[in-house]
Number of protein chains: 2
Amino acid sequence: MQSILEIRHLQTLLALLETGTLSGAATRVHLTQSALSHQIKQLETHYATPLFERKTQPLRLTPAGQRLHTLAQAIKELVDEAERDVARLVQGRAGKLRIAVECHTCFEWLMPAMDVYRQNWPEVELDLVSGFHANPLSLLRESKAELAIVSEYKKSSEAVFHPLFGFEIVGLVSCLHPLAKKDHLTPHDFADETLITYPVADEMLDVVRLFLKPRGIEPKRRTAELTVAILQLVASRRGIAAMPAWAVQSYLQTGYVVGKRIGKQGLRGELYAATNQAMAQAAYIQDFVATLRSVSFNRLPGVVAL
Amino acid sequence: MQSILEIRHLQTLLALLETGTLSGAATRVHLTQSALSHQIKQLETHYATPLFERKTQPLRLTPAGQRLHTLAQAIKELVDEAERDVARLVQGRAGKLRIAVECHTCFEWLMPAMDVYRQNWPEVELDLVSGFHANPLSLLRESKAELAIVSEYKKSSEAVFHPLFGFEIVGLVSCLHPLAKKDHLTPHDFADETLITYPVADEMLDVVRLFLKPRGIEPKRRTAELTVAILQLVASRRGIAAMPAWAVQSYLQTGYVVGKRIGKQGLRGELYAATNQAMAQAAYIQDFVATLRSVSFNRLPGVVAL
DNA sequence: GTAAAATAATGAGTTTGAATCATAACTTGT
DNA sequence: ACAAGTTATGATTCAAACTCATTATTTTAC
């Protein structure tokens, strides 16, 4: 009789189409697969029609599902815009947003996210804090940046960590390399190789910090500034590397370099946006974090919500 | 952090502005005043701003409240439209809609409602079953109408009754008449007067059916076809009448005729849309009923949800 | 100006229904 | 054909939405 539709349902529909599976959508909206299954079933009984074809890959919506998905998109637009306006009304004009980045590859999703954000908050002064910093959190403390992209969650009374996304870090080896045959790479596989990395401190390198250091393994090292350069060196069998899966997906298509799981379980990386307490309250900052998340989810393959 | 906004909140906001009070909005959406108060407080703490100014009559929204109200209107539009589309997709082309009306005054809100409805369901053949019928329910049974406007809820296995709204029936007397001094009219006040009504069966006249008949009072009678005519006769002291408050509100402004409460508690009337079981399932019928409700609520003063 | 009526706010208590858990039923790819 | 991945289902749990009962506040009436 009456409409039971809530925004929650529409968010589910959006996540469903973005991820392509119910379980994917579930992690995206921080609920269980079961919850979403029940949710959609409720809609389907209410509208007396299925909303998507099961048993098909890729996922396909029925016409009714399509219509509701269109609605969901429109409504998300409107709600987001309205909430930005309310934030502006309540908190007044927004301020500066200087971003400190310690992660080379991050520019891949940071740039498009900033482009989107600029549309919504034209009055915010966006800036990148130039250079790479051993400890970007200190920049927050010294008020030289409002936000830092970091790869580790540290319990802290000063900084607030906003989870961005999780991903897999893959080992990169030439397709001709003997290691290319293995199912996954062990710490010892690195021992006799040259590890090619960005020229940054070891604490910024998840392979070293989480995988090699704990086992006391210290391979020969070599650095390169650019992702392409590292990939070229790997292809030329000058060493092996480790990179976020999302950063190298396109290179792997060529076949010269292959991605290997690191350790039996694989090596997971995470990214956070850190701000200080005060900034964490500001809507224009919160919305930037939200933008980072949604842009990353939509552009990067294989990233998951934290 | 994340948006807590749900459509439920937006409906509350809409009802709040339509009725002008929280408690009014509460009956409109079939919740308690307390529920809405809590709901709005939740929004206000979430957005860290009041949404409407208390201690003011009439109700005024804050800028943030305004913004959310605008959002609510836009979203209601979109959702309604989408749900109509889904209904069309699921149930196929809609059919005929012939309306039987037993109530003279009803045309006042029926016409504008039909106009609104025609926009949304252009393919539905709208029709009024001509003339007035002693028993409009029999027209449903005989498939001569899809919907009947009736003033009584009857337990029935065939018909489904959709509540439209409740209202007060006021007694109309000349401002010069001695009864105009009274706080309210008693059954006996009618005994020595001429009761002016539409020319329909007594069962259709709530004053007679619910107020006079039970006390065995049978005043002199006179009929007139048109509301204006009845009002003129009352003004000319040719008798007294009883009409829905919403139907005579504008006439009462002139001051020649005054509206009196009927009985100590006042006399309440109700209206229902009756359909048969099958039609009650059809979305194009359900939406017609919804349109009747919302148009009536918005045009007629003093009507309440049932 | 005060009393009465109406409206809103508040906090405790209850209930509903949305989410989880645990598991079964399917699909799909190797 | 079996394993891996995905969806469905029913019972249970739990949170939050609503109601109830009451107090506070505002409006209206006299």
Between C/dA9 (C1') and B/Lys41 (NZ): distance, integer Å:
8 Å
Starting at atom CG of B/Leu59, determine the distance to atom C1' of D/dT26, rounded to an integer number of angstrom.
13 Å
Given the structure, check if the side chain of B/Gln33 and the base of C/dA9 hold any donor-acceptor pair shorter than 3.5 Å.
yes
Atom-to-atom span, CD of B/Gln11 to P of D/dC18 - whole angstrom:
11 Å
Between atom CD1 in A/Ile7 and atom C1' in D/dA17, what is the gap in whole Å?
17 Å
B/Gln39 side chain near D/dA17 phosphate (N/O to OP1/OP2, under 4.0 Å)
no
Check the distance between D/dC18's C1' and B/Leu36's CG and give it to me in whole angstrom.
10 Å
Salt-bridge test for B/Arg54 and B/Glu44: reply yes if a basic N is under 4.0 Å from a carboxylate O, no otherwise.
yes
Distance check: side-chain N/O of A/Thr32 vs OP1/OP2 of C/dA19, anything under 4.0 Å?
no
With heavy atoms under 4.0 Å as the rule, sort A/Thr21 into base, sugar-phosphate or nothing.
sugar-phosphate
Under 4.0 Å, heavy atoms only, any strand: does B/Ser23 hit a base, just the sugar-phosphate, or nothing?
sugar-phosphate
Between C/dA9 atom C1' and B/Glu44 atom CD, what is the distance in whole Å?
11 Å
Closest listed nucleotide, where the reference is the side chain of B/Ala35 and the choices are C/dA19, D/dC18, C/dA8
D/dC18
Rounded to the nearest angstrom, tell me the gap between atom CG in A/Leu22 and atom P in D/dT6.
11 Å
Pairwise side-chain contact, B/Gln33 with B/Thr21, heavy-atom cut-off 4.5 Å (strictly under)
no
Any side-chain heavy-atom pair of B/Leu17 and B/Phe52 under 4.5 Å:
no
Is there side-chain contact between B/His69 and B/Leu14, with at least one heavy-atom pair below 4.5 Å?
yes
Determine the interplanar angle of the B/Phe211 and B/Phe190 rings, folded into 0 to 90°, and report it as parallel if under 30°, tilted if 30 to 60°, perpendicular if over 60°.
perpendicular
Distance-only donor-acceptor test (3.5 Å): side chain B/Ser34, base D/dC20:
yes
On the nucleotide D/dA17, are OP1 or OP2 found under 4.0 Å from the side-chain N or O atoms that B/Gln42 carries?
yes
Suppose we call a contact any N or O donor and acceptor under 3.5 Å apart; does that hold for the side chain of B/His38 and the base of C/dG11?
yes
Nearest whole Å is fine: how far is C/dA8 P from B/Glu53 CD?
14 Å
